Protein chains: 2
Amino acid sequence: MATADKRAKLREDLIDAAEAAVSVNGLSGIKARALAEAAGCAVGAIYNVFPDLDALIYEVNARTLRRLDAVLAGTTEAGDGPETAMRKLALAYHRFSRAERRRWTAVFAHQIPDGAMPPEWYLGVVAQLFRHIEVPLATLLPDSTPAMRNGLARTLFSASHGIVSLGLEEKLGPAPDEVIANALVVMTRSWVLGLPGAVAPPTRPER
Amino acid sequence: MATADKRAKLREDLIDAAEAAVSVNGLSGIKARALAEAAGCAVGAIYNVFPDLDALIYEVNARTLRRLDAVLAGTTEAGDGPETAMRKLALAYHRFSRAERRRWTAVFAHQIPDGAMPPEWYLGVVAQLFRHIEVPLATLLPDSTPAMRNGLARTLFSASHGIVSLGLEEKLGPAPDEVIANALVVMTRSWVLGLPGAVAPPTRPER
DNA sequence: CAGAATTTTGAACACCGTTCAGATTTTCTC
DNA sequence: GAGAAAATCTGAACGGTGTTCAAAATTCTG
């Protein structure tokens, strides 16, 4: 086998091993020595295909994000109104975070040093997720610009994420599934009712 | 000095040292050996007053939570309407998270093992924070029960936290202060407009 | 103040990510 | 295909981590 192919295979094997480790023991389940054994290489070989374990973690997390993207893409139907679509998306997100608990926690548990930013290609994968929310936003706010919708999509995603993730980690106390799901339903309903009035600034529009 | 007092002093000194370490280098700035030197004791002495470093971290994070609690207590005024109060609270939260960046990140970066829960007393400190949101909620939703308001307060806190924290860590890409602040303003306005209709279930209320 | 009980100590342990000189393999040249 | 050169892989070793525990130092007791 050509060396380039071997490199590619080792990369893939390592990501596979890392993903398996994450889904069993979370982000801290990624250990250089264990990965090397699982992928059938020496510890040092990891550093031939990845600069460090952080880069490997990005690969694992990107897979999780793409998996969520695929799920979200299949949740809404053509005829769904804005409220139905948003509720479906939020609940699908919640279900996904529960079903893929460890993998999903890893996406946000991954801490990067001080002012560092994730790699460009990774942010691209993240950006894809917002597209799903932009669709119902367009019908809910017909007068909005694409830029506005993108910003709002980020806001709504962040808000939903806060509800889901704080519930998931039970940082604020016990949070059963149904309670979180109900919170998401109320939240999306509130957005559909309130957003059209909220995005229009309180200054009286010119006539 | 009596041994009980020495113990208490060592505890305090260690929390002080840990808090200082966190505010300079974040959660990972807490190192057993460095703390021992700063507090003037042996490494092993830490484990006489704390079961492990996790317990020490809870103490540091509780201080941060109490500090936020004090800030939130001073943000709203008697005459504020629901929208003004909620907006002030959200923006104060945002300002706090920026001003105390490292300390605040530590509160949520602290990962606890699998199904473990934070200690009881710590959850009590967290619960205090929701009280601030319950006040404007009571005037916005006069027919709501205290339990409903508490649940909603948790939801709104979680949502605001999602917006603030994902912005803070820049996990979704660059997020300048003004963008986050604007998102919070739109969000709170949307809640005030939408929540009264959203909490009432879609089933027609009996007359 | 002697002796028992307690507290404090810090070297040692197990583990971590990462490195790098040397062994090994692959590639290139003739 | 032989031999040299280049690239790759290897795993012991390094510096770091949280935690432990036998021994030393201290405090309490009668």
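Note that the structure is predicted; figures quoted are calculated from it, not measured. Note on naming: letters A, B, ... go to the chains in the order of the sequence lines (proteins, then strands), and numbering restarts at 1 for each one.
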- Message: Measure CZ/B:Arg7 against P/C:dT7 and give the value in whole Å, please.
- Response: 7 Å

- Roughly how many Å is it from CG in A:Asp52 to P in D:dG16, rounded to a whole number? 18 Å

All N/O donor-acceptor pairs, side-chain side in residues 29-39 of chain A, below 3.5 Å, sequence neighbours left out:
none

- Item | For atom CG of B:Leu35 and atom C1' of D:dT17, their distance in whole Å | 13 Å

Using distance only, find each side-chain donor-acceptor pair of residues 13-20 of chain A under 3.5 Å and give its atom names and separation, not counting sequence neighbours.
| from | atom 1 | to | atom 2 | distance (Å) |
| --- | --- | --- | --- | --- |
| A:Asp13 | OD1 | A:Lys9 | NZ | 3.3 |
| A:Asp13 | OD2 | A:Lys9 | NZ | 2.6 |
| A:Asp16 | OD1 | A:Arg63 | NH1 | 2.9 |
| A:Asp16 | OD1 | A:Arg63 | NH2 | 3.0 |
| A:Glu19 | OE1 | A:Arg63 | NH1 | 2.6 |
| A:Glu19 | OE2 | A:Arg67 | NH2 | 2.4 |

- Atom pair distance, as rounded to whole Å: CG in B:Leu10 and P in C:dT8: 7 Å

- Item | Listed partners of A:Glu120 passing salt bridge (charged side-chain N to carboxylate O under 4.0 Å, His left out), at least two apart | none

- Message: Between P on D:dG18 and CD1 on B:Ile46, what's the gap in Å once rounded to a whole number?
- Response: 8 Å

- Query: Between C:dT7 and B:Asn48, is there an OP1 or OP2 to side-chain N/O distance shorter than 4.0 Å?
  - Reply: no

- Item | salt bridge (charged side-chain N to carboxylate O under 4.0 Å, His left out) involving B:Glu59 - partner list, sequence neighbours excluded | B:Arg11

Validation: residues 177-186 of chain A side-chain donor-acceptor distances under 3.5 Å, sequence neighbours left out:
| from | atom 1 | to | atom 2 | distance (Å) |
| --- | --- | --- | --- | --- |
| A:Asp177 | OD1 | A:Arg98 | NE | 2.9 |
| A:Asp177 | OD1 | A:Arg98 | NH1 | 2.9 |
| A:Asp177 | OD1 | A:Arg98 | NH2 | 3.4 |

- Item | Main-chain N/O of A:Leu168 paired with A:Arg101 side-chain donor or acceptor, under 3.5 Å | yes

- Task: May I have the distance from B:Leu14 (atom CG) to C:dT8 (atom P), rounded to whole angstrom?
- Result: 11 Å

- Task: Would you jot down, in residue-number order, the residues of residues 21-34 of chain A having a non-hydrogen atom under 4.0 Å from DNA chain D?
- Result: A:Arg33

Name the pairs: protein N/O against N/O of nucleotides 21-26 of chain D, kept only if under 3.5 Å.
none

- Note on the structure: Separation of D:dG18 atom P from B:Leu56 atom CG, nearest Å, is 11 Å

Side-chain donor-acceptor pairs of residues 126-138 of chain A under 3.5 Å, sequence neighbours excluded:
| from | atom 1 | to | atom 2 | distance (Å) |
| --- | --- | --- | --- | --- |
| A:His132 | NE2 | A:Asp69 | OD1 | 2.8 |
| A:Glu134 | OE2 | A:Asn150 | ND2 | 2.9 |

- Whole angstrom value for the distance that separates P of C:dG17 from CD of A:Gln111: 17 Å

- Note on the structure: Assign each of A:Ala45 and B:Cys41 the nucleotide of DNA chain C bearing its closest heavy atom; nearer the 5' end lies the nucleotide of B:Cys41

- Task: Provide the full list of salt bridge (charged side-chain N to carboxylate O under 4.0 Å, His left out) pairs with a residue in residues 152-170 of chain A, sequence neighbours left out, each pair given once.
- Result: A:Glu169-A:Lys171

- Are A:Arg149 and A:Ser144 linked by a side-chain donor-acceptor pair shorter than 3.5 Å? yes

